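Worksheet: one structure, shown below.
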Amino acid sequence: MTDPARRLAPVVRVAPAKVNLTLAVLGARPDGYHELHSVMVPTGLADRLSVAVLPPGGQDRLHVDGFDPGPAADNLVLRAIAAARRAAREAGSGPDAPPPLAARLEKRIPVAAGLAGGSSDAAAAVDAALEAWGVEVGQETRHAIAAQLGSDVPFFLVGGPALAEGRGERLTPLAWLRDAAGWPDRPGMLLITPALTLSTPAVFRAWDAGARATGGAARLASAHLADELRRGMLTSDMLLARASVLASANDLAPAAVAVEPALVPFKRALLRLLGRPVGMSGSGPSYWALYASRAEAQEAATRLRSAVASGELVAPGSRQPFIEATTITSPAPESQP
Ligand code: C5P
């Protein structure tokens, strides 16, 4: 049980974006989902969610700054709070009627971009709501709530790199990347998101319709990376050396391109300007490139932004692309062995 005095202050959570370093689609399932094998990592790009308890009787509220997540009623944050309330009632460890909450979301992660920002917000909202009410529920219940909210949501309960299987809800925690001396490391990552939304179901439908690579290379690359990370021996240098294999290990990339053909020349331009492998995250349209450090990714971001400004890089979409230098993030590298 949380100290009741603490509940008066808003509960704050950081909700990181994820990137799929690999994404193999193993097949369609009878329930409409697809069986996946994907190595996912959290990044330093994050939304910020704060949740405060309101007087009893009213409704949950959500205020959003930054990227527009679409109609607030559809926002996964409100659905996550509602799901947490149901679980809180069943757990019976907090107040009988968990009071309404006022949530504020600072949205820095582009929406419908393949970075799972909405799913991360949802995982953060469940956690923040339960803390605000002083309710404790077990890991299994948290996982069940998360899986019910969306296939990508349970990943954010892990708090680090993970292998996602099943429809994404079966997770095996993996080790953080290491530097040459064996300490947890944060390699740089450049994220580029054209200002167009790609519907995940539409991309999976294109995969069903045959827009896919043959040969199983993504599955092999994914299994190999998961294995190396599981053993805890992978350094950032080794990851960078594998960037080319990883960048082509996304089975949804051909499907995303079938839905949005303008991504083909855009990716070609990115490859030319960055001079290094460029991969797609999730069902797109976000692209990533790996760097030894955030500073190097930042230099590349500056180059890309000026290429956009000069018209050398033309991005599809309604606005200029989102370009961000960040890292594959570990929570507190200096405090880990
Ligand atoms: O689970 P979530 O609601 O995020 O999934 C959105 C849609 O993406 C699903 O309705 C389905 O069309 C597709 N999907 C899939 N296979 C997965 C995950 C998502 O086909 N493993």
Side-chain angles (χ1 to χ4, degrees), residues 15-42 47 67 69-84 86 105 107 109-126 142-158 162-172 193 196-213 216 218-219 221-223 226 249-260 280-286:
K18 64 83 179 151
V19 161
N20 303 80
L21 291 179
T22 61
L23 175 51
V25 182
L26 308 184
R29 312 192 329 184
D31 63 3
Y33 286 90
H34 293 74
E35 199 68 13
L36 306 178
H37 190 288
S38 177
V39 173
M40 293 159 74
V41 290
D47 292 341
F67 283 110
D74 294 341
N75 194 290
L76 267 176
V77 168
L78 289 176
R79 285 178 45 208
I81 292 173
R86 284 192 296 276
L105 180 61
K107 202 117 195 70
I109 308 171
V111 174
L115 300 174
S119 300
S120 186
D121 299 341
V126 170
R142 276 176 196 265
H143 186 272
I145 302 172
Q148 165 217 323
L149 288 166
S151 304
D152 277 343
V153 182
F155 166 72
F156 295 100
L157 303 181
V158 175
L163 166 65
E165 295 176 278
R167 70 176 169 94
E169 86 292 9
R170 239 175 48 229
L171 292 152
T172 309
T193 311
L196 46 90
T197 52
L198 266 189
S199 145
T200 301
V203 173
F204 274 107
R205 277 198 302 275
W207 186 92
D208 289 337
R212 52 176 107 157
R219 172 75 175 86
S222 195
N250 183 336
D251 277 339
L252 287 181
V257 160
V259 175
E260 191 50 78
M280 180 176 273
S281 183
S283 56
S286 293

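Both counts, for ligands and for their atoms, begin at 1 and track the order of listing. Heavy-atom basis, side chains included; hydrogens, waters and symmetry copies ignored. Fair warning: this is a prediction, and the values are worked out from it, not measured in the lab.
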- Task: May I ask whether L36 places a heavy atom under 4.0 Å from ligand 1?
- Result: yes
- Message: Using the side chain to side chain contact (heavy atoms under 4.5 Å, CB included) definition, which of the options L252, L23, N250, D152 pairs with S38?
- Response: L23
- Query: Can a non-hydrogen atom of G32 be found less than 4.0 Å from any atom of ligand 1?
  - Reply: yes
- Check: K18 side chain, G114 main-chain N or O, donor-acceptor pair, under 3.5 Å: yes
- Could you tell me whether the side chain of R212 and the main chain of W207 form a donor-acceptor pair under 3.5 Å? yes
- Task: Check step by step if side chain to side chain donor-acceptor pair (under 3.5 Å) holds for S286 and S281.
- Result: CA-CA 6 Å; S286 293; S281 183; over 6 Å; no
- Message: Keeping S222 on the side-chain end and A24 on the backbone end, is there a donor-acceptor pair under 3.5 Å?
- Response: no
- Query: How far does CG of L171 sit from CZ of F155, to the nearest 0.5 angstrom?
  - Reply: 8.0 Å
- Got the closest protein heavy atom to atom 5 (O) of ligand 1, with its distance? Y33 CE2, 3.9 Å
- Query: Is any N or O atom of S151, backbone or side chain, closer than 3.5 Å to an N or O atom of ligand 1?
  - Reply: yes
- Message: Which of the numbered atoms in ligand 1 are under 4.0 angstrom from any heavy atom belonging to H34?
- Response: 15 (C), 16 (N), 17 (C), 20 (O), 21 (N)
- Are any of the N or O atoms of T200 closer than 3.5 Å to those of ligand 1? no
- Where is the nearest protein heavy atom to atom 13 (C) of ligand 1: which residue, which atom, and how far? F204 CD1, 3.4 Å
- Message: Give me the residue, atom name and distance of the protein heavy atom closest to atom 7 (C) of ligand 1.
- Response: P201 CG, 3.9 Å
